[in-house]
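Working notes, structure below.
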Amino acid sequence: MFMKILDRLEETLIASLMAGATLVIFASVVHRYFSGVPVIQDYVLHWNLAWAQELCIYMFVWMAKFGAAYGVRTGIHVGVDVIINRMEPHLRAKFVLFGLGAGALFTGIVGSLGARFVYHMSETEQVSADLEWPMWIIYLAVPLGSYLMCFRFLQVAWNFVRTGELPHHDHAQVDGIDPVEAAKEGGPA
């Protein structure tokens, strides 16, 4: 139950950040375009959207950190495993677990260093340039995303130990579309 909630929260956060960033950039581009239209420019020039670019950068950073954890969970990260896949099963398993353990260790260290940095940043009065948000909130993406990614590495490793399988992404399958139903409706199967 907890895992389903965490999975859904992760997916919702990533999708919301992506949609929000898209809308903010769209509004900024429309504003820039309308600022040059003679009839509308007097009204539009009073809107201050100087913060839009900064907000989008922060949204994409948060999206990337949580998207990396999502990538570990679903197996969509690019990996060079040609040699490992040709090994004997018992040797392959050791290399896979070593790689997952190294990923968990690295992201755990980055999360801990990030948490320490955020703690020290919270003791300052530093704010972002345009939004004037406390910088520690913005940098909170590093420890949260890194700890989630560390957890996902451990989750994949535990599942690999239990089942011997790694998550993999089938590029021919689109999530949410049932191939049997698509074939019935005349679409590609």
Side-chain angles (χ1 to χ4, degrees), residues 1-26 55-81 84-85 89 92-119 122 133-134 136-185 187-189:
M1 178 68 164
F2 171 74
M3 293 309 298
K4 287 188 181 210
I5 293 171
L6 181 61
D7 293 350
R8 187 62 59 195
L9 180 65
E10 181 181 49
E11 293 165 0
T12 302
L13 179 64
I14 294 166
S16 299
L17 288 168
M18 194 179 304
T22 302
L23 290 174
V24 169
I25 287 296
F26 176 75
L55 178 61
C56 282
I57 289 169
Y58 297 149
M59 291 173 88
F60 275 107
V61 167
W62 277 74
M63 183 178 51
K65 290 300 290 179
F66 285 91
Y70 174 81
V72 171
R73 176 174 62 96
T74 59
I76 59 174
H77 283 291
V78 174
V80 181
D81 55 2
I84 291 176
N85 286 339
R92 177 185 177 271
K94 289 179 183 177
F95 274 95
V96 167
L97 287 174
F98 174 77
L100 292 170
L105 178 64
F106 177 74
T107 54
I109 290 170
V110 170
S112 296
L113 292 174
R116 186 171 173 226
F117 179 77
V118 167
Y119 173 75
S122 71
W133 289 353
W136 70 268
I137 292 174
I138 293 160
Y139 285 121
L140 199 58
V142 174
L144 293 178
S146 296
Y147 282 143
L148 181 60
M149 194 169 180
C150 179
F151 174 74
R152 294 303 188 184
F153 273 119
L154 295 172
Q155 179 185 25
V156 169
W158 177 251
N159 189 49
F160 181 73
V161 168
R162 285 185 24 243
T163 66
E165 296 200 12
L166 291 170
H168 65 283
H169 185 71
D170 182 7
H171 297 287
Q173 173 65 29
V174 177
D175 290 337
I177 297 179
D178 183 18
V180 175
E181 290 297 320
K184 287 179 184 176
E185 295 174 8

Quick check: does any side chain N or O of T163 sit under 3.5 Å from a backbone N or O of F160, one acting as donor and the other as acceptor? no

So, do F66 and L144 sit near enough that their side-chain heavy atoms are less than 4.5 Å apart? yes

Residue list, salt bridge (charged side-chain N to carboxylate O under 4.0 Å, His left out) with D7, at least two apart or on another chain: R73, R152

Looking at V142 and G114, what are the two nearest heavy atoms and their distance? CG1-CA, 4.0 Å

What are the two closest non-hydrogen atoms of C56 and A21, and how far apart are they? SG-O, 3.5 Å

When you measure from the side chain of S16 to the backbone of L13, do you find a donor-acceptor pair of N or O atoms at a distance under 3.5 Å? no

Do L97 and V161 touch side chain to side chain, with heavy atoms closer than 4.5 Å? yes

Test item: F95 and D81 side chains (from C-beta on) under 4.5 Å apart, heavy atoms: no

In Å, rounded to the nearest 0.5 Å, how long is the span from CG of L17 to OG1 of T12? 10.5 Å

Check side-chain contact (heavy atoms from CB on, under 4.5 Å) between I137 and all other residues, then give those that pass, not counting sequence neighbours. P134

Where do K65 and S146 come nearest, in terms of heavy atoms and distance? NZ-OG, 3.0 Å

Output yes when a side-chain donor or acceptor of W136 lies under 3.5 Å from a complementary backbone atom of F117, and no otherwise. no

Which atoms form the tightest heavy-atom contact between G111 and P143, and what is the distance? O-CB, 3.5 Å

Any chance you could lay out the side chain to side chain contact (heavy atoms under 4.5 Å, CB included) test for I76 and Y70, step after step, and finish with the verdict? CA-CA 8 Å; I76 59 174; Y70 174 81; 4.0 Å; yes

CZ-CG distance between F153 and L105, expressed to the nearest 0.5 angstrom: 11.0 Å

What one should report as the nearest heavy-atom pair of V96 and I84 is CG2-CG2, 4.1 Å

Considering non-hydrogen atoms only, spot the tightest contact between G145 and A69 and give its length. O-CB, 4.4 Å

Can you tell me how far OG1 of T22 sits from CZ of F26, rounded to the nearest 0.5 angstrom? 11.0 Å

Should F151 and T107 count as side-chain neighbours, where that means a heavy-atom distance under 4.5 Å? no

So, taking the atom named CG in L6 and the one named CD in E11, what distance separates them when rounded to the nearest 0.5 Å? 9.5 Å

Say you draw a straight line from CZ of R92 to CG of L166; how long is it, rounded to the nearest 0.5 Å? 5.5 Å

Can you tell me if Y58 has over 12 outside heavy atoms packed within less than 6.0 Å of its OH? yes

Using a cut-off of 6.0 Å, state whether more than 12 heavy atoms not belonging to R162 lie near its atom CZ. yes

Note, F106 side chain near C150 side chain (heavy atom, < 4.5 Å): no

